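Single-structure report; data block below.
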Amino acid sequence: MKTIDDFNFDQKKALIRVDFNVPLDAEFNVTDTNRIEAAKPTIIKILEDGGSAVLMSHLGRPKGQPNDAMSLKHICGKVSEIIGVQVKFVDDCVGSKAEEAVAELKGGEVLLLENLRFHSEETSGDVEFAKQLSKLGDIYVNDAFGTAHRAHASTTIVAQFFPGLKCFGYLLAKEIISIEKVMRTGEKPVLAILGGAKVSSKITIIENILDKVDHLIIGGGMTYTFVKAQGGTIGDSICEDDKMDLALSILEQAKAKGVQVHIPVDVLAANDFSNDADTQVVDVDKIPDGWQGLDAGPKTLEIFKEVILKSKTILWNGPVGVFEMEKFAKGTISVGNFIDEATQNGAFSLVGGGDSVAAVKQFGFQDKVSYVSTGGGAMLESLEGKTLPGIAAILED
Ligand code: AMP
């Protein structure tokens, strides 16, 4: 796996795919700078080598048309501030203007290209467009995990024009190594905590992960499909009746593979899907009519704690309750605290994909776990066992 550490960028122009798809307010101020900060180490290494950086990204969904509100010019000042270099901007990402701006670029300088998605050829993965992009650098660096699952021109197709001269940036390399740790190289016992609303959206992950883990915690709304399938009474809890057979088959597969599955034994049930609802703790398989399970109960959290603290590699995907409502956030916060403790004791913990990242940020766990993935869809596809086209394109020579 080649990273930017395998190259000396002195006198070289690096064409870097970054993910600067950042949120902007009505005055075009960047309201969350995480993605820009995440790309900084890669850019700095290239500049310190004596190279220059040509940054390309998309912003929003302009659907192939120029759109002033989605111009990357709005973020140029913020990128300059964060990188510590006055970033130049060119109002197209291909063509003579962009090529001239690149030709003028000196070592230590940074150029930001206009939004890639102002051209429909970007998302269609057009080879000719990718060839135009490839004229803008000597070495291609992909540092955008968030789009690595897309076979777009700038994320995948362009790589074929850089044989032997393409690599991963630090951010993308870190994502790949973190996923590898969970899926292949992690110290045992390996635990996956899968929560969230529906079995249907997690099924491919569960099936893929059964070959990798020693323990599987199932939480959140998925719980009730498993409980009902086993004959429990779940009241008005969320349930996918058409997935009950699948749930039983997952439990059988887990048993055959020696994976210990931990499903909640008690829940905090509510008489309404509301923060003002009345609540009671009940056994997960005896939830009365008119009540629905919205968070893990105390006995369940004790079990989760024991499993989490004995694990050496932990993947967390999906909240174990309706954490958006304060009354039902305790389970998710507790799981975060247990993972924090396990991490302090030396476990490797990865949070990624979907709403667990939002939960981790909301409750301030991002610095307490080993790694929080930056790519929702890309992470989910990795956990499903798919090879991401953006990653494969760098690995092929
Ligand atoms: P996901 O995007 O699949 O990770 O699902 C996250 C969503 O699942 C969050 O919005 C949670 O509120 C929701 N969720 C978690 N537990 C439950 C539950 N017991 N009932 C309904 N929704 C839940």
Side-chain angles (χ1 to χ4, degrees), residues 2-21 35-36 38-59 72 76 79 83 85 87-119 121-122 125-148 150-173 389-391 393-397:
K2 269 190 192 162
T3 75
I4 50 171
D5 282 336
D6 294 304
F7 291 90
N8 185 334
F9 288 85
D10 189 24
Q11 310 290 317
K12 300 283 185 224
K13 287 169 179 162
L15 177 64
I16 316 175
R17 179 52 159 103
V18 288
D19 181 1
F20 285 174
N21 184 26
R35 287 179 168 169
I36 303 172
K40 182 176 175 178
T42 292
I43 298 167
I44 295 294
K45 137 83 184 167
I46 288 162
L47 301 184
E48 282 181 355
D49 272 3
S52 52
V54 179
L55 308 177
M56 54 178 176
S57 178
H58 74 285
L59 176 65
L72 281 164
C76 208
V79 179
I83 308 296
V85 170
V87 173
K88 297 180 172 181
F89 178 74
V90 57
D91 64 3
D92 204 349
C93 62
V94 285
S96 54
K97 249 189 185 177
E99 286 169 29
E100 277 161 31
V102 169
E104 283 168 17
L105 210 58
K106 297 184 195 68
E109 291 186 336
V110 181
L111 173 70
L112 177 62
L113 305 176
E114 181 56 288
N115 195 338
L116 291 156
R117 291 194 190 168
F118 285 0
H119 296 263
E121 293 89 342
E122 161 63 359
D126 186 81
V127 177
E128 191 47 43
F129 179 73
K131 195 173 175 187
Q132 297 293 316
L133 288 174
S134 75
K135 293 182 186 169
L136 307 178
D138 305 309
I139 300 171
Y140 171 63
V141 179
N142 191 350
D143 210 19
F145 182 64
T147 49
R150 307 276 185 220
H152 292 172
S154 70
T155 62
T156 302
I157 313 301
V158 71
Q160 66 191 257
F161 297 103
F162 294 91
L165 292 170
K166 52 188 171 180
C167 61
F168 298 110
Y170 289 132
L171 176 66
L172 187 43
I391 292 175
I394 299 279
L395 297 175
E396 287 159 6
D397 223 32

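Please read all numbers here as calculations on a predicted model, not as lab measurements. These values consider heavy atoms only, across backbone and side chains, with no hydrogens, waters or symmetry-generated copies. Numbering of residues begins at 1 and proceeds along the displayed sequence.
Between D6 and C167, the closest side-chain pair of non-hydrogen atoms is not below 4.5 Å. Proximity of H119 to D92: side-chain heavy atoms (C-beta onward) are separated by under 4.5 Å at one or more points. For the pair K166 and Q160, the minimum side-chain heavy-atom distance is 4.5 Å or more. Taking the side chain as every heavy atom from C-beta outward, V127 and F161 approach each other to under 4.5 Å.
Each of T42, D5, D143 was compared with Y170 under the side chain to side chain donor-acceptor pair (under 3.5 Å) criterion, and only D5 meets it. Of the options F9, F7, F162, a side chain to side chain contact (heavy atoms under 4.5 Å, CB included) to V141 is made by F9 and by none of the others. Of the candidates V102, L111, V158, L105, V102 is the only one forming a side chain to side chain contact (heavy atoms under 4.5 Å, CB included) with L136.
Between C93 atom SG and E121 atom CD the span is 9.0 Å, to the nearest 0.5 Å. Distance check: T147 OG1 to N21 CG gives 9.0 Å after rounding to the nearest 0.5 Å. Atoms CG and CG, on N115 and D91 in that order, are 12.0 Å from each other to the nearest 0.5 Å. Residue L55 holds its CG atom at 5.5 Å from CG of L112, rounded to the nearest 0.5 Å.
Here the closest non-hydrogen pair linking P389 and A151 is CG-N, 3.9 Å. For the residue pair V18 and A144, the shortest heavy atom distance occurs at C-CB, 3.7 Å. The two atoms that bring L113 and A98 nearest to each other are CD2-CB, 4.4 Å, heavy atoms only.
Considering only residues two or more places apart in sequence or on other chains, S154 meets the side-chain hydrogen bond (donor to acceptor under 3.5 Å, both in side chains) condition with R17, E122.
Between D19 and R35 there is a salt bridge, with a side-chain nitrogen of the basic residue lying less than 4.0 Å from a carboxylate oxygen of the acidic one.
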